[in-house]
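Basis for what follows: all heavy atoms, side chains included, without hydrogens, waters or symmetry-related copies.
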Amino acid sequence: MNDHQPGTPLGNILVVDDTAENLRLLSTMLTQRGYTPRCVINGKMALRACNSNPPDLILLDIMMPEMNGYEVCQHLKLEPKTREIPVIFISAKDEIFDKVNAFAVGAVDYISKPFQFEEVLARIESHLSLRNLQKQLKEQNMLLQEEITSRLAVEKTLQEKNHILQQEISTRRAVEKALQEQNLVLQQEISNRQRAESALLKSNQELARSNAELEQFAYVASHDLQAPLATIASYAQLLEKRYKDQLDTQGSKFIGNIVQGCTRMQTLIDDLLEYSRVGRSRKPFELTDCNHAVEQALANLQGAIRETKAVVTYGELPAVMGDISQLIQLFQNLVSNAIKYRHDAPPVVHITACRQEENWLISVSDNGIGIAPQHQKRIFQIFQRLHTQREYSGTGIGLAICQKIVELHGGCIWVESEPEQGCTFHFTLA
């Protein structure tokens, strides 16, 4: 019994036969069984039909004028567009040689005339099912290869980050050891300098507190957070490698979700480290050209600019007293946000500056999705996000870093925007 529902063809079948009666019979029977048949009467028409709209399967007669079925099949197997289409020969020729020759030119099956339609139908269904399974397997293999490549890249990144953190820990331990040795010398001097005892004790306490905080931060970032992430990612890869033959599509998806979660957590850790670094450097501010800072920020964003076809322009910008690395990060975060939160059209970003009494007012404008007034204050708070990860990726730390940098430079930052009307971020610098 045919359970197929009307209106949803089971497959597109090309029937090639120079006998009109055979075409009518096969076309009628295939239509009744839910297939969409197309009928042609010679080999040249069959090749044109396959190139213009490749069918799911071909029923091909052998004995035809001008170009026989063997020649048609050979042409089909030479073309990348048609070589994967299964070909079933239907012929009155019933010699072993004919069948061997049919398989030699690339046919998947051979049916002798006069044929029984139930046999034809069974073989069609079998080969269409086999082709669908082959397509699914090929797609799954491609997805698995992409996942493996992605996971290897993540693993390499995690290893590099861990190596850097290990180096930082070693350096800090060396610094701590040197400080401890200096403290011993100071303790010996304290016994001979009674008047300086109180000041030296206070300095040592402050130094010990600072070292403890720095050590605790490094421990949490590198051990408590990084190590479990590396373990999770590694075990996910082991699961995929060891049990890939037993995993269904949903199982592979679960493993992909694990790796994506690790990647998001790694990004969050990196942003937190970046946030904590802002302000820890106490080197004196120097006269810094904002034009140079913008140029370096745009160089860092070249990949995203090319990918989105963004247009970033800026007028003549001032020289201010500041930290060049922090100002580069400030401009980079604001331009990156403008590129990320965009419409379908390419982003357009413009940076301007104007003098306001003793300060410079610098503005970064874009044509993006905008921000509702009720959200404009809280976007500068750490971890504050207005969108889901599915809509826009991120950790909600970028604008908090911007505010921290601006405040360290003695200025303030704010935004003017309306939904769907773009944003203009303003900040002041001395």
**Q** If you define the side chain from C-beta out and look only at heavy atoms, does anything of Thr352 sit under 4.5 Å from Ile362?
**A** no
**Q** Once rounded to the nearest 0.5 Å, what's the spacing between atom CD1 of Ile13 and atom CG of Leu57?
**A** 4.5 Å
**Q** In terms of side-chain geometry, is the basic nitrogen of Glu79 or Arg83 positioned less than 4.0 Å from the acidic oxygen of its partner?
**A**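 Salt bridge absent between Glu79 and Arg83.
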**Q** Would you please indicate yes or no on a ring centroid separation below 6.0 angstrom for His409 and Phe427?
**A**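 So the answer is no for these two rings.
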**Q** Please evaluate residues His350 and Ser365 with respect to the criterion side chain to side chain donor-acceptor pair (under 3.5 Å), reporting the C-alpha separation (whole Å), side-chain torsions for both, the decisive distance (0.1 Å), and the verdict.
**A** CA-CA 5 Å; His350 186 56; Ser365 303; over 6 Å; no
**Q** Using a 4.5 Å cut-off on heavy atoms from C-beta on, say whether the side chain of Val335 contacts that of Leu298.
**A** yes
**Q** Should Leu287 and Met321 count as side-chain neighbours, where that means a heavy-atom distance under 4.5 Å?
**A**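 Side chain of Leu287 against side chain of Met321, heavy atoms only: contact under 4.5 Å found.
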**Q** Determine whether more than 12 heavy atoms belonging to other residues, nucleotides or ligands lie under 6.0 Å from atom CD of Gln302.
**A**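 Enclosed.
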**Q** Going through the distances and angles, do Asn337 and Asn333 end up as a side-chain contact (heavy atoms from CB on, under 4.5 Å)?
**A** CA-CA 6 Å; Asn337 266 19; Asn333 285 6; 5.8 Å; no
**Q** Is any side-chain N of the basic residue among Glu119 and Arg123 closer than 4.0 Å to the acidic one's carboxylate O?
**A**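 A salt bridge is present here (some side-chain N lies under 4.0 Å from a carboxylate O).
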**Q** Under the side chain to side chain donor-acceptor pair (under 3.5 Å) rule, what do His343 and Asn367 come out as? Steps first, then yes or no, please.
**A** CA-CA 8 Å; His343 294 293; Asn367 62 338; over 6 Å; no
**Q** Can a donor-acceptor pair be found between the side chains of Gln296 and His292 at a distance below 3.5 Å?
**A**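 Side-chain D/A pair, Gln296 to His292: absent.
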**Q** What about the rings of Phe89 and Tyr70, do their centers lie closer together than 6.0 Å?
**A** yes
**Q** Any side-chain heavy atom of Val294 within less than 4.5 Å of one from Leu317?
**A** yes
**Q** How long is the straight-line distance from CD1 of Ile401 back to CG of Leu334, given to the nearest 0.5 Å?
**A** 11.0 Å
